[in-house]
Amino acid sequence: MNVAISVLLADDHRILVDALRRLIDAQPDMHVVATATDVAGAIDALGEHRPTVAVLDVSMPDGGGFEVLRRLKELELPTKVVMLTMHGEDHHVMEAVRLGASGYVLKRSADTDLLDAIRAVARGDAYLTPSAVRLLLTEKRSDREPVLSPREREVLRLTARGHSNAEIAQRLFVSTKTVDTYRARVMTKLGLHKRSELVEYALQQGLLEPVG
């Protein structure tokens with residue numbers, strides 16, 4: 001039996017949080033383990049509950065969801081992040097991707113998109129609105145190469161060479177969940193959605209050439 005997806009909801013609009021909690025808790029495959037209304041509360045809840053997915057409001061007080069994303073890196077938790085926002089501003093989308101968010105959902109469509117987003121990022125995929133995907137594809141076509149960390153590039157290379165999560169984790173001395181996190185970040189940054197697209201990108205970048 002599959003383990004239910006545990007979810008943290010962080011938003012300073014209590015009415016919205018209550019509505020989203022009811023929506024999520026009504027699903028057989030997920031449940032809300034904690035809620036927060038500010039950055040400090042979200043950080044505390046992340047450390048205490050270690051949820052599978054954190055749904056973060058971009059505009060909370062004291063730095064909002066972006067500050068929580070930055071702190072999440074420091075905590076080195078495997079939690080995947082879906083950003084929730086009133087607007088789809090380009091700079092917010094790019095900042096979310098840069099900081100490692102795996103999903104980006106508009107509040108006005110949360111009742112239809114959020115559940116799909118939570119399921120997608122929980123299994124290691126990316127979930128972005130159509131406008132966000134178009135923006136990322138435009139970025140891909142530009143002269144600016146997406147910046148991957150050395151560890152993200154290594155996970156990309158090993159994934160493209162056909163290694164399993166367990167094999168990659170053993171090589172890099174990390175957990176399989178950490179491998180999932182790195183792969184999700186790579187796919188989000190590159191605007192990719194399938195393993196085959198990762199392989200194609202790795203080939204284009206010369207990452208599959210024999211080493212040594």
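Worth saying up front: this structure is predicted, and the values here are computed from it rather than measured.
- Counting heavy atoms from C-beta on, the side chains of Leu84 and Val58 never come closer than 4.5 Å.
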Any chance you could lay out the side chain to side chain contact (heavy atoms under 4.5 Å, CB included) test for Arg108 and Met86, step after step, and finish with the verdict? CA-CA 7 Å; Arg108 65 173 177 265; Met86 287 291 294; over 6 Å; no
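- Looking at residues two or more places apart in sequence or on another chain, you find a side chain to side chain contact (heavy atoms under 4.5 Å, CB included) between Ser102 and Lys80, Val121, Ala184, Thr188.
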Side-chain donor-acceptor contacts of residues 44-53 below 3.5 Å, not counting sequence neighbours, with atom names and distances?
from	atom 1	to	atom 2	distance (Å)
Thr52	OG1	Ser6	N	3.3
Thr52	OG1	Ser6	OG	3.1

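- Here OH of Tyr201 is found 5.0 Å from CG of Leu190. Values are rounded to the nearest 0.5 Å.
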Got a list of side-chain donor-acceptor pairs under 3.5 Å for residues 30-38, not counting sequence neighbours?
from	atom 1	to	atom 2	distance (Å)
Asp38	OD1	Gly41	N	2.7

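- Applying the side chain to side chain donor-acceptor pair (under 3.5 Å) test to Gln170 and every residue at least two apart in sequence or in another chain returns nothing.
- Here Arg70 pairs with Phe66, Glu67, Glu95, Leu99 under the side chain to side chain contact (heavy atoms under 4.5 Å, CB included) rule; sequence neighbours left out.
- Leu198 and Tyr182 end up in different hydrophobic clusters when Ile, Leu, Val, Met, Phe, Trp and Tyr side chains are linked at under 4.5 Å.
- Applying the salt bridge (Lys or Arg N to Asp or Glu O under 4.0 Å) test to Asp29 and every residue at least two apart in sequence or in another chain returns Arg119.
- Both Val81 and Ile43 sit in one connected hydrophobic cluster of ILVMFWY residues. Membership requires side-chain heavy atoms under 4.5 Å apart, directly or through other members.
- Both Leu56 and Leu75 belong to a single network of hydrophobic side chains, linked directly or stepwise wherever heavy atoms of I, L, V, M, F, W or Y lie under 4.5 Å apart.
- Put simply, the side chain of Thr181 gets close to the backbone of Lys177: a donor and an acceptor are under 3.5 Å apart.
- Side-chain contact check for Val186 versus Arg153: every heavy-atom pair is 4.5 Å or farther apart.
- Partners of Glu167 by salt bridge (Lys or Arg N to Asp or Glu O under 4.0 Å), not counting sequence neighbours: none found.
- In summary, Arg171 and Glu154 do not engage in a salt bridge, as defined by a charged side-chain N under 4.0 Å from a carboxylate O.
- Residues passing the side chain to side chain donor-acceptor pair (under 3.5 Å) test with Arg123 are Asp125, sequence neighbours excluded.
- Hydrophobic clustering (side-chain heavy atoms under 4.5 Å, transitive across Ile, Leu, Val, Met, Phe, Trp, Tyr) keeps Val174 apart from Met187.
- Partners of Ser175 according to the side chain to side chain donor-acceptor pair (under 3.5 Å) rule, which considers only residues two or more places apart in sequence or in another chain, are Thr178.
- Using modelled atom types, no side-chain atom of Ser109 and backbone atom of Thr112 make a donor-acceptor pair closer than 3.5 Å.
- Here the closest heavy-atom approach between residue Leu69 and residue Gly100 is recorded as CD2-C, 4.4 Å.
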List the steps, then state whether side chain to side chain contact (heavy atoms under 4.5 Å, CB included) holds for Met60 with Val68. CA-CA 10 Å; Met60 285 185 298; Val68 179; 4.1 Å; yes
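- Identified under the salt bridge (charged side-chain N to carboxylate O under 4.0 Å, His left out) test for residues 3-21, with sequence neighbours left out: Asp11-Lys107, Arg14-Asp18, Arg21-Asp25.
- Counting heavy atoms from C-beta on, the side chains of Val155 and Arg185 never come closer than 4.5 Å.
- With contacts defined as side-chain heavy-atom distances shorter than 4.5 Å, the pair Tyr127/Val82 does not qualify.
- A single hydrophobic cluster is seen to contain both Ile5 and Val105, as judged by linkage of ILVMFWY side chains at heavy-atom distances under 4.5 Å, directly or through other members.
- Take Glu74 and apply the salt bridge (Lys or Arg N to Asp or Glu O under 4.0 Å) test, not counting sequence neighbours, and it matches Arg71.
- Put simply, CG on Asp113 and CD1 on Ile118 are 11.0 Å apart, with the number rounded to the nearest 0.5 Å.
- Contact check for Leu8 versus Thr79: no side-chain heavy atoms found under the 4.5 Å cut-off.
- To the nearest 0.5 Å, atoms NE2 (His163) and CG (Leu172) are separated by 10.0 Å.
- Looking at residues two or more places apart in sequence or on another chain, you find a side chain to side chain donor-acceptor pair (under 3.5 Å) between Thr159 and Arg183.
- Closest of all the heavy-atom pairs between Ala101 and Met83 is CB-CG, 3.7 Å.
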